[in-house]
Amino acid sequence: MSDSRPVRTRYAPSPTGDPHVGNIRSALFSWAYARSQGGQFILRIEDTDRNRLVETSTDAIMESLRWLGIDWDEGPEVGGPHEPYFQSQRLPLYQRAASQLIEAGRAYRCFCTAERLEQMRAAQAAAKQPPGYDGLCRQLSAEESEARSKAEPFVVRFAMRREGQTVLNDLVRGQVVFENKLQDDFVMLKSDGYPTYHLGVVVDDTEMEITNAIRGDEWISSAPKHIQLYEALGWTPPVWAHLPLILGPDHKKLSKRSGDTALLDYRTNGYLPAAMINFLAFLGWSLDDHTSILSIEELKQHFDLSRVVANPAVFDIDRLNFLNGHYIRAMGDAEWVETIATWCESGLPASVPRPVDRPVIEQAAPLLKERIARLDEIAPMVAFLFGEEAPEYAPEAILERVPEREVAIRVLETAAERLGAVPDAEWDVARIEAVIRGLEEPLGLKLRKFVPALYVAEMGRAQGIPLFDSLVLLGRERSLRRLRTAIRKLG
RNA sequence: GGCGCAUUCGUCUAGUGGCCUAGGACACCGCCCUCUCAAGGCGGAGAUCAGGGGUUCGAAUCCCCUAUGCGCUACCA
């Protein structure tokens, strides 16, 4: 198993859309493994499907990786000794391999039309036979093949060995044996001259000196194709590691239908990269029997393919939310203030003047920290600080917490009266707290019983950052006005 | 249908023959703290290790069978 070559891994997505979490988890593991081994991580774009190509994908792929802090040593924008890193720009490489295989009798041109293949499959299905190419063009003589290739479109199929078995030695699954008689001659070069995935990976992984091919488990069935390709080409295959799938809440492979979302959606939804990394890292891997919080630095240092498990993992959003809250609380004060400012700029109503009042943000910041799980919760929670009146609310919001209308009105009136007696110069937390606590006696109610009414009056909702501090931030005038507004609403 | 993979608390996982009357984390429940909501602290419930056969003095850990789930089965990756 020992190999003196430096470890080289790659992430080789196809640009058919924005990368989703399952895909990025593969990137993360590949990257982490390379880093833990002091090796290199390569980014390669497998843009061989012209029909499904989405122009913006490559940028989304790079942006996703950068957001998480996954850096690549070779690939788009950074270059490297194996340029280019786009498969569409490496066509001669695949064509050369295909010719070599045709000459060696290990591959052949196939002139079958889509219609014929369709009929063939229908017949196979009707006869309850396993689908697969029937090998019609495998019989063609070299001369005929050569001649027809001048006039007809064709694909190149790989002639799979049909006797014996093909054995995959997988780092996470151990030995997996495939019966060759069940294999069929797959297309390796399409009629448009582009390679299929199978040829593309084998050629490029070899040319780019990849030592460890880490990919999702959905690929394990095609491993025998790749292994036989390596054999036929006389090349040495990388060490494979097939990662367990990530499942949606319905326990099916994560897909658009099954709760998956593009990775970058998590950014716009207010998740922190550190939380995402931590979350993804433990989907199929663990450090030991007790660690559940892990930084990206620790991951780089300790990640090990030998601790990847084989069974699929369900994506648990509750856990991600917890981790996100954890990393928010762990954030440094200055960074936290910047974060709040950013999310306020984008999340507050247009009526709030920009740039958003910095001192207010700075004072609200510490109060906000342990109350936020996602960054997109920031703006709704501090919105009340930026306006004359509280955000619109229904009077019922008060009555839900202080059921009797008369009592609620008395609470608000008494508060307005006593708070109104506090001169502006003495409007501070200590004084406000004393006054509001002093309301217990005249109202004959426990603080916790009546205070929600004040929350709603001041911030439009029954829960939020601490009331006493909020009143200071609001100032005497606005605080009192909101009390009067609430009384009017109830009356 | 065929082939392949998987199967430990609801979820992510620890566990590689005796340390397991199965550990940690999230979620859940309770108590404490408390101006709301959180956060935090403490505690609780929760897995007869899919089921059945073996092997062994001894199995979650090894073998076999069954069941279930998932993946693949394209000129998509």
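In this text, all values refer to a predicted model and were calculated from it rather than measured experimentally. Protein chains get the first letters and strands the later ones, always in sequence-line order, with residue 1 at the start of each.
- Contact annotation: side chain of A:Arg371 to base of B:C37, donor-acceptor pair present below 3.5 Å.
- Comparing the C1' positions of B:G10 and B:G46 gives an interatomic distance of 9 Å, to the nearest angstrom.
- Nucleic acid contact for A:Arg52: base, since at least one base atom lies under 4.0 Å from a heavy atom of the residue.
- Using a 4.0 Å heavy-atom distance criterion, A:Arg50 is classed as making no nucleic acid contact.
- With values rounded to the nearest 0.5 angstrom, A:Leu65 atom CG is found 6.0 Å from A:Tyr11 atom OH.
- Residue-level contact check: A:Val456 touches neither bases nor backbone, having no heavy atom under 4.0 Å from any strand.
- Note that NE2 of A:His302 is 9.5 Å distant from CG of A:Leu299, once rounded to the nearest 0.5 Å.
- Between B:A60 and B:A14, the distance separating the two C1' atoms is 12 Å to the nearest Å.
- Within 4.0 Å (heavy atoms only), A:Arg401 reaches sugar-phosphate atoms of the nucleic acid but no base atom.
- Within 4.0 Å (heavy atoms only), A:Thr48 reaches sugar-phosphate atoms of the nucleic acid but no base atom.
- Separating the CD atom in A:Glu55 from the CG atom in A:Leu53 is a distance of 5.5 Å, to the nearest 0.5 Å.
- Nucleic acid contact class of A:Phe322 (heavy atoms, under 4.0 Å, all strands): sugar-phosphate only.
- Remark: the backbone N or O of A:Leu367 is paired with a side-chain donor or acceptor of A:Arg371 at under 3.5 angstrom.
- Across all strands, A:Lys128 comes closer than 4.0 Å to no nucleic acid atom at all (heavy-atom distances).
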